Amino acid sequence: MSNQFAIQESLARLGLKSKNPGTSTGIKSIDSDGDYFSSYSPADGSLIGEVQTTDSDSYERVITLAQLAFEQWRKVPAPQRGEIVREIGNALREKKTDLGKLVSYEMGKSYQEGLGEVQEMIDICDFAVGLSRQLYGLTMHSERPGHRMYEQWHALGLVGIISAFNFPVAVWSWNAALAWVCGDVCVWKPSEKAPLSAIACQLIASEVFARHGMPEGICSLVNGDYKVGEMMSRDTRIPLISATGSTRMGKIVAQTVGARLGRSLLELGGNNAIIITENADLDMAIRGALFGAVGTAGQRCTSTRRLIIHENVFEEVKSRLASAYGKLVIGNPLDEMNHVGPLIDKEAVGMYLAAIQKVEAEGGKAVVEGAVLEGVGYESGCYVKPAIYEAENHFEIVQHETFAPILYLIQYKSLEEAIALQNGVPQGLSSAIMTTNMREAEAFLAVSGSDCGIANVNIGTSGAEIGGAFGGEKETGGGRESGSDAWKAYMRRQTNTINYSSTLPLAQGIKFTI
Ligand code: UN1
């Protein structure tokens, strides 16, 4: 099946030889003795390639080279750094279809979503180019005569990026493009479930740096499982660890990085809801809920997991959704006829089945039943049917983020109750309200409304643009990546006070004479 969609040609154009394409570190001059691990496509179960684990010796060499590169890179003027990032964006434009195809094949999201993910990388590069001329600090008025105060932003150093399988490349770029224009160097540990997409990006970016005569340690890759992430989290040479993944992983990273008083930037689990009020445009609400719940087979941090529906429209929403689910075509994500691709692996299928069992045991009622699909086209064993359950918000399974296309329907009577239900989970990433009523929309956005990092009106919970700060509260981890002023996390702030008078007055009016 893979040949049918010409994946081998894309791999070759991306510089990935089939079977054994991966260097352990992404740096040409470093070898590793680490074991190999395999990347299989959930689309058809094929082995795509084998990648070497970065062992501790090669890790040491990566960090040393990154430190050396930082000495040089931080002195390159920020707008010139931006120029290089512009070229990385252009190189991604050239490789968009091949990279989109690889992301889709390796991770299982639809080809359209694979292309969207690469577009997200291109967009953040463009954003970072502009930002490279806008790393602004403030000036302050000193309380002392003949004094001036201001703050400036300096490069921080090495930025460790730990990314998840579901956005195997875009989340790296949100971090890396900003970090680079800020003068930092990046060490990336991609998910061991999608290492080839990462290697392809590493090759694209490092080629651009090399063309500009820049040292290879500006952009490096380390491969392997959580143990590589642990080395990074403990490493005092890495002042910032940006980690995306489960809340469980994030807590471990935060504690390890916190124990050495390093900085962490966390983007963790979501349990995102859409409130559908009786004043909603139901056509829009159904479409928004559908893509939010089944897009990326429910494996986005921003996927819609709960619909909180007003009792007056509950039955209508339920039956319209059930009929929309009936039209979903599930199959190979590279085939554009299909709406939904596979889950990442059989372990994820196991978690999907366990969640279904649990919601049923807790009293949930199936609206659209789930199933693992079998037969022609489904040989990888990773394809499942998106499911819908009527449930209660307090069910343990509803409180939990399951990375699968399972949607819970919850009924409400008053908007106040709906907002309490929306906020009544441990996570706080994304949220939305569907309404044409201005008062309802504003109540949802007010300080007593949604407690999430993202709150949308008449848009689903997923599909955030790169221009906004991305992240959330509570167990989502509190970090902000991507747009707005998220760049500040990648720099160190320095406050400077300059005395141009000929006396030395002390602050706070303190007298000290001898
Ligand atoms: C994620 O799931 O980790 O907002 C990132 C979205 C995408 C990014 C999701 N732009 O759905």
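When a ligand or atom number is given, it counts from 1 through the structure's own listing order. Keep in mind it's a predicted model, so treat the numbers as computed, not measured. Computation of the quantities below employed the complete heavy-atom set of this structure, encompassing side-chain atoms and omitting hydrogens, waters and symmetry-equivalent molecules.
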Of all the atoms in ligand 1, which lie at a distance below 4.0 Å from a heavy atom belonging to W174? 5 (C), 8 (C)
Grab the two heavy atoms, one from K193 and one from S39, that are nearest each other, plus how far apart they are. O-OG, 4.3 Å
Closest non-hydrogen contact found for V367 with A322 is CG1-CB, 4.2 Å
Short version for T296: what comes under 4.0 Å of ligand 1, heavy atoms counted, is neither
Can you list the atoms of ligand 1 that are under 4.0 Å from a heavy atom of F470? 4 (O), 5 (C), 9 (C)
Hey, which of L221, N223, V62 is the one that makes side chain to side chain contact (heavy atoms under 4.5 Å, CB included) with T25? V62
Ignoring hydrogens, what is the shortest heavy-atom contact between I238 and G160? Give both atom names and the distance. CG2-N, 3.4 Å
Nearest-neighbour protein heavy atom for atom 4 (O) of ligand 1, which is reported as residue plus atom name and distance: A464 N, 2.7 Å
With heavy atoms of N166 as the reference, note each atom of ligand 1 found under 4.0 Å away. 1 (C), 2 (O), 3 (O)
Considering only heavy atoms of R300, which atoms of ligand 1 have at least one such atom less than 4.0 Å away? 2 (O), 6 (C), 7 (C), 11 (O)
Kindly determine whether R248 and E475 satisfy salt bridge (Lys or Arg N to Asp or Glu O under 4.0 Å), including the steps that lead there. CA-CA 9 Å; R248 201 185 71 82; E475 284 197 355; over 6 Å; no
Cation-pi geometry met for K109 and F167 (6.0 Å, 45°): yes
Which heavy atom of the protein is the closest neighbour of atom 3 (O) of ligand 1, given with residue, atom name and distance? C301 SG, 2.8 Å
Among non-hydrogen protein atoms, atom 9 (C) of ligand 1 lies closest to F167 CE1, 3.5 Å
Any idea which protein heavy atom is nearest atom 6 (C) of ligand 1, and the distance to it? G463 N, 3.2 Å
Looking only at distances, can you tell me whether any N or O atom of E120, backbone or side chain, sits closer than 3.5 Å to an N or O atom of ligand 1? yes
For ligand 1, which atoms sit closer than 4.0 Å to a heavy atom of E267? 3 (O)
I would like to know whether W174 and W188 meet ring pair (Phe, Tyr, Trp, His ring centres under 6.0 Å); could you show each step before the answer? CA-CA 12 Å; W174 297 350; W188 178 19; over 10 Å; no
Check this for me: does any side-chain nitrogen of one of R93 and E87 sit under 4.0 Å from a carboxylate oxygen of the other? no
